Q: 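Below is a structure I'd like to ask you about.
A quick note: this is a predicted structure, and the numbers were derived from the prediction, not measured. Below, read A as the first sequence line, B as the second, and so on, with proteins coming before strands; counting in each chain starts at 1.
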There are 2 protein chains.
Amino acid sequence: MMKALVNKKSSEQASETEISVNHQKLIDATIETIAKRGLADTTIAHVAKRAKVSQGYANFRFKSKDNLLISSLQYLSDEYKKSWQKIFEEKNIDPIDRIIRIIQNDFSSKIANRNKISVWIAFYSEVKFRPSYLAICQRQDEIYSQQMEKLVSEINKIANQKEFTPKEVSETYHSMVDGLWQRILFDPKIYTNEFCKNLVLKYFKSIYVNEDRFA
Amino acid sequence: MMKALVNKKSSEQASETEISVNHQKLIDATIETIAKRGLADTTIAHVAKRAKVSQGYANFRFKSKDNLLISSLQYLSDEYKKSWQKIFEEKNIDPIDRIIRIIQNDFSSKIANRNKISVWIAFYSEVKFRPSYLAICQRQDEIYSQQMEKLVSEINKIANQKEFTPKEVSETYHSMVDGLWQRILFDPKIYTNEFCKNLVLKYFKSIYVNEDRFA
DNA sequence: ATAAAAATTGAATGATTATTCAATACAAAA
DNA sequence: TTTTGTATTGAATAATCATTCAATTTTTAT
């Protein structure tokens, strides 16, 4: 049958590349399948078909369905972390501009689209029962919260804002994002990415009254 | 075997009561099972065992598993709607006090406890794939949003607040509640009901700066 | 070109689980 | 008590699905 080989340099490298290609094809197919059919109706057979490999191979490649699901969640988490770490690594950027970049990222079409949100919520709903899901989600949250609170405290200082603590602002933002993502799934007509982003900006406007960039 | 009969007045009434008792026992058991094991691992056998009826009976009583799940979601939705409608029906109450009552209700232990939140999120995660779940959730949201926006517009008038529209405030609140419920599930140590309630009150404080009741 | 190794297939297996239904237990009526 | 109708059981059924693995195809090395 057809081969998915892309790179043939040396034996080992070709093998590595090939493995990577199928690995990623299966993860992508898993995410798409969950988004299209829901986690409850996501079977190895569906994923394999979408990835255009045999059912047996999908299982062989990832050892188990559970492992495939965890790998897919980890992939999403890494993707999110990367896009967001990039913003925190930028130098010579004003804290307020940085937080605006964060907000834009959280509601960019790459991050906040119906496919990916479906998958996040599917995993969230099982977090309580799967320690491995919980670990991935919590690890992400932790770093996020830390850096976010630090950023807010800088902004508070600049804006001479004392009424709302960094923790409060950070938590409020975080819960708004989670809530809005959920609502994008419910009713995408009303909850466009633009609408959500503006709602969050307005929240910051209510905290930092004199800062025009949030308007 | 044992009978669950509670009321024996007349033939028909006894029958009615008995039906209700088992009906509710099964719905309660479904909610508890989803909360304890997750939706993915909720089988008729588990529910029946918890409700102390036979597996065959559980299925017979509700026609299908799907129907039992929908009935359970409807029950939760009704329960929420009732507690919240009661607040809106109260007469001689200031709009600000009313919205504070709403917030207290949304984070009361009766509504915002881990069992019930697990179930909500489990259903949310399938909403995209089950029109019947979506219908129940949307119907609830609609009434909620309408009444909430009206309430906020009254408060805006009193507070002479023009920067934030009723829709914006209502949507922000709504998404915060959804987001915070999710976080109660993740990390109940940090996200106590009290913590969440105060976070929301602080948000309102940022909008209605001169209103001390939100402090 | 041929052999050896690795990748991939797909059909069989076994476990799980919703659903059915014949048999039984129970309550009400006679 | 006996009969009749209803409620409830629990074991059998059938469908679904993850997982396994012997057979096949493809790739690499000689």
Q: Taking A:K82 first and then A:E79, would you say they form a salt bridge - that is, a charged N and a carboxylate O separated by under 4.0 Å?
A: no

Q: Using atom CZ of B:F62 as one end and atom P of D:dT8 as the other, report the distance to the nearest whole Å.
A: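 The distance from CZ of B:F62 to P of D:dT8 comes to 13 Å, rounded to the nearest Å.
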
Q: According to the interplanar angle, ranging from 0 to 90°, do the rings of B:Y80 and B:W120 count as parallel (below 30°), tilted (30 to 60°) or perpendicular (above 60°)?
A: perpendicular

Q: In whole angstroms, how far is the P atom of C:dT17 from the NZ atom of B:K49?
A: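 Value for this atom pair: 13 Å.
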
Q: Please pick, from C:dG10, D:dA18, C:dT20, the nucleotide with the shortest atom-to-atom distance to any side-chain atom of A:S54.
A: C:dG10

Q: Could you check which of C:dA18, D:dT9, C:dT9 has an atom nearest any side-chain atom of A:V53?
A: C:dT9

Q: When the distance from NZ of A:K25 to C1' of C:dA7 is rounded to whole Å, what number comes out?
A: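 Spelled out: NZ on A:K25 to C1' on C:dA7 is 12 Å.
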
Q: Any idea which of D:dA18, C:dA18, D:dT8 is nearest the A:Q55 side chain?
A: D:dA18

Q: Aromatic rings B:F204 and B:F214: how do their planes relate, parallel, tilted or perpendicular, breaks at 30° and 60°?
A: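 Judged by the thresholds at 30° and 60°, the geometry between B:F204 and B:F214 is parallel.
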
Q: Measure CG/A:N67 against P/D:dT20 and give the value in whole Å, please.
A: 12 Å

Q: Consider the side chain of A:Y57, meaning its heavy atoms from C-beta on, and name the nucleotide among D:dA18, C:dA18, C:dT8 that approaches it most closely.
A: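 It is C:dT8.
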
Q: Start at the 5' end of DNA chain D and walk down; is the nucleotide closest to A:N59 or to B:F60 reached first?
A: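 Checking each residue's closest nucleotide, the 5'-ward one belongs to B:F60.
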
Q: Rounding to an integer number of Å, can you tell me how far B:D66 CG sits from C:dT19 C1'?
A: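 Checked: the CG to C1' distance equals 13 Å.
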
Q: Quickly work out the B:R61 CZ to D:dT6 C1' distance and round it to whole Å.
A: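 Distance check: B:R61 CZ to D:dT6 C1' gives 13 Å.
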
Q: Under 4.0 Å: is that the gap between some side-chain N or O of A:N22 and OP1 or OP2 of C:dT8?
A: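 Affirmative; the distance criterion is met.
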
Q: Rounded to whole angstroms, how far apart are CZ on A:R37 and C1' on D:dT16?
A: 13 Å

Q: Among A:N105, A:L76, A:N193, find the one that has a side-chain contact (heavy atoms from CB on, under 4.5 Å) with A:I111.
A: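 Answer to the side-chain contact (heavy atoms from CB on, under 4.5 Å) test with A:I111 among A:N105, A:L76, A:N193: A:N105.
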
Q: Of the candidate nucleotides C:dT19, C:dT17, D:dC17, which contains the atom at the shortest distance from the side chain of A:D41?
A: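 My answer, after comparing the listed nucleotides, is D:dC17.
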
Q: Out of A:Y173, A:W84, A:W181, which one pairs with A:D106 under the side chain to side chain donor-acceptor pair (under 3.5 Å) rule?
A: A:Y173

Q: Which whole-number value in Å describes the distance from A:L39 CG to D:dA18 P?
A: 11 Å

